[in-house]
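Ligands are counted one by one from 1 in listed order, and the atoms in each one are counted from 1 as well.
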Amino acid sequence: MAEHGNRALARWRRWVLANLGSFSALFTNTNFGSAWLILAPVVSLVATYAPRRLFLTYFNLFLRRRARRLLNAVDPYVTIDISEPGGEVRYSRYGPVSDSDTTYEEVKAYLSGAACSQDARELRAEGAREGNGLVVSMRDGQDVADEFRGVSLWWSSVIVRDVQGQRKGDRRFQRLTFHLRHRGVVVDEYLPHVRRQGREILFSNRRRRLYTNSKSRDPYSYEYKSWSYIDFDHPTTFDTLAMDGAKKRDIMDDLDTFRNSRDFYRRAGKPWKRGYLLYGPPGTGKSTMVAAMANYLDYDIYDVELTVVHTNSDLRRLLIETTSKSIIVIEDIDCTLDVTGDRASSSRPRRREAADEKPPPPPPRDTVTLSGLLNFIDGLWSACGGERIVVFTTNHVEKLDPALIRRGRMDMHIEMSYCRFEAFQTLAKNYLDVDDHELFGAVEEFLREEDLTPADVAECLMVARRAGSGEPSRCLEISIDELKKRAAEKAKAEAEAKARAEAEAMAWAAEAEARAAVEANAAAARDRGNSR
Ligand SMILES: Nc1ncnc2c1ncn2[C@@H]1O[C@H](COP(=O)(O)OP(=O)(O)OP(=O)(O)O)[C@@H](O)[C@H]1O
Ligand SMILES: [Mg+2]
């Protein structure tokens, strides 16, 4: 208002200055004809400008408010347009990248997936950005209804044609219409809900990926990429995973709780991530479990190869470049890094036990240290992105530094154990398509006594399937023979390994004894020399 007043004043001032000459002529000249000529602009200005100003002020202060009230009574509906982002939009796998406006894509995805789109009769199908699927959305001009917490809403797909008739200039909108009194619910709750749902749909339409960290060439070069990937298409699910049923349900419940706890983590002030430690002998299904988890949650997998990561900051960079909704796996953690023993031993020099003991060598400069790994799991940077799962697998849990696997870092410790009868039933179903059989009793008894891994049992079932030509009884008979053979082979291999280890230990002891005898003789000779 004040700005408008200033501008009017300036216009007046300009006008008075411009007509100053005419005014002076008016007061010195008695000719009324020419006086009228001079007064004409004043009269015309007052005649045109003042009523307009008067009307506008009156309209602003009084009429517009009343007009709006009247309009609300006649048409109490509000519309919100969500427009297609203009200009250059960069697309990631889930739609436009985050520095573009993603709302339009999310709304479109929501409308394609929501029950409301079932009402639309005229649809449009576009190829999904990834995979072979189609994204179905409403054709321009279509309306669909939706309901949220008892509030009715209507969406319509609108296109505004370019005035010059050029298709490139067309703008598309998704227009939302609702009653004025629901404005708060719509803006604060419904629209965020639509965006969240839309993002979920975009996410589930993409192809999942298995990433691995590439061997670093020059991390500062333009072409450098921390991760390379292939499409992840592993067939394992929790249904095909052979393990104790109660344990499996526990893990699935835990994953479900994690996935649905976004608000809880925010409320509790905890980063939205969870750690799982999978441990057990080789072939018990640790890697298989990771695949089952990824398939269950519909997450990507980042398989970290620690041996090619040179520094803690490289490790941090890897972490930053992971996306949310992913599982970060470090396999055989005990083999890839010196994380055994206590934290001090791998990150800083240990206290010298005796005065003459040599200080341990400092950790090599180009390796990842345990403290770097601990920061990777739950340092400040680990909170970026959210909704991430970290999995470690190991064959030797007892060797790991307790700091690495303490609860809170590795929230759930899962022992992958030898194949017992329940796990065998799953494998028999997977490989032989047999749910139950009279020979199952014999298998149950056998597996109670023998420690065979699910990988061993799976191998036996493969052999039986081939040899038994798919006939259940025949296959199971062969399976039992194969299991017995495998158990005998394992027992023999273990006995041989034990004998070898004993022989090595004895040889080592004999060598140490001989070395001690030589040193004792040398010391005795030195003493004799000194005494002479
Ligand atoms: N629990 C299981 N359920 C179903 N199949 C299994 C299971 N465990 C092992 N297998 C079979 O054995 C193969 C090897 O299993 P996997 O690689 O998961 O074992 P692992 O515990 O990761 O072994 P390692 O410690 O040597 O890495 C799998 O390809 C799968 O076919
Ligand atoms: Mg493995």
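Closest to atom 25 (O) of ligand 1, if we only count protein heavy atoms, is K286 NZ, 2.8 Å. In terms of protein heavy-atom proximity, atom 28 (C) of ligand 1 is closest to T288 OG1, 3.6 Å. Atom 5 (N) of ligand 1 has its closest protein heavy atom at L427 CD2, 4.1 Å. Nearest protein neighbour of atom 31 (O) of ligand 1, counting heavy atoms only, is Y431 OH, 3.8 Å. Atom 19 (O) of ligand 1 has its closest protein heavy atom at G285 N, 3.4 Å. Atom 9 (C) of ligand 1 has its closest protein heavy atom at G283 O, 3.5 Å.
Applying the 4.0 Å criterion to heavy atoms of A455 picks out, from ligand 1, the atoms 9 (C), 12 (O). Below 4.0 Å from some heavy atom of T240 lie the following atoms of ligand 1, by number and element: 4 (C). Those atoms of ligand 1 with a heavy atom of N395 less than 4.0 angstrom away are 25 (O).
Residues S479 and L432 are in side-chain contact: their nearest non-hydrogen atoms beyond the backbone lie under 4.5 Å apart. The closest side-chain heavy-atom distance from F258 to E387 is below 4.5 Å.
Distances between N or O atoms of D332 and those of ligand 1 include no value under 3.5 Å. At least one N or O atom of S287, backbone or side chain, sits closer than 3.5 Å to an N or O atom of ligand 1.
The distance from the Mg ion (ligand 2) to the nearest N/O/S atom of S287 is under 2.8 Å.
Here the straight-line distance linking atom CE of M293 with atom CE of M252 works out to 11.0 Å at 0.5 Å rounding.
Closest to atom 26 (O) of ligand 1 by heavy atom, among P454, A242, P282, is P282.
Remark: E482 engages K485 in a salt bridge, criterion side-chain N to carboxylate O under 4.0 Å. D253 has no carboxylate O lying under 4.0 Å from a charged side-chain N of R249, or vice versa, which leaves the two without a salt bridge.
Under the 6.0 Å distance and 45° angle rule, R259 counts as a cation-pi partner of Y296.
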If you apply the rule side-chain hydrogen bond (donor to acceptor under 3.5 Å, both in side chains), what do you find for E471 with S469, and how did you get there?
CA-CA 6 Å; E471 205 276 304; S469 316; over 6 Å; no
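When each of V304, I405, T393, L373 is paired with I333, the side-chain contact (heavy atoms from CB on, under 4.5 Å) condition holds for L373 and for no other. In summary, of the residues considered (I251, D254, L277), a side-chain contact (heavy atoms from CB on, under 4.5 Å) with I414 occurs for I251 alone.
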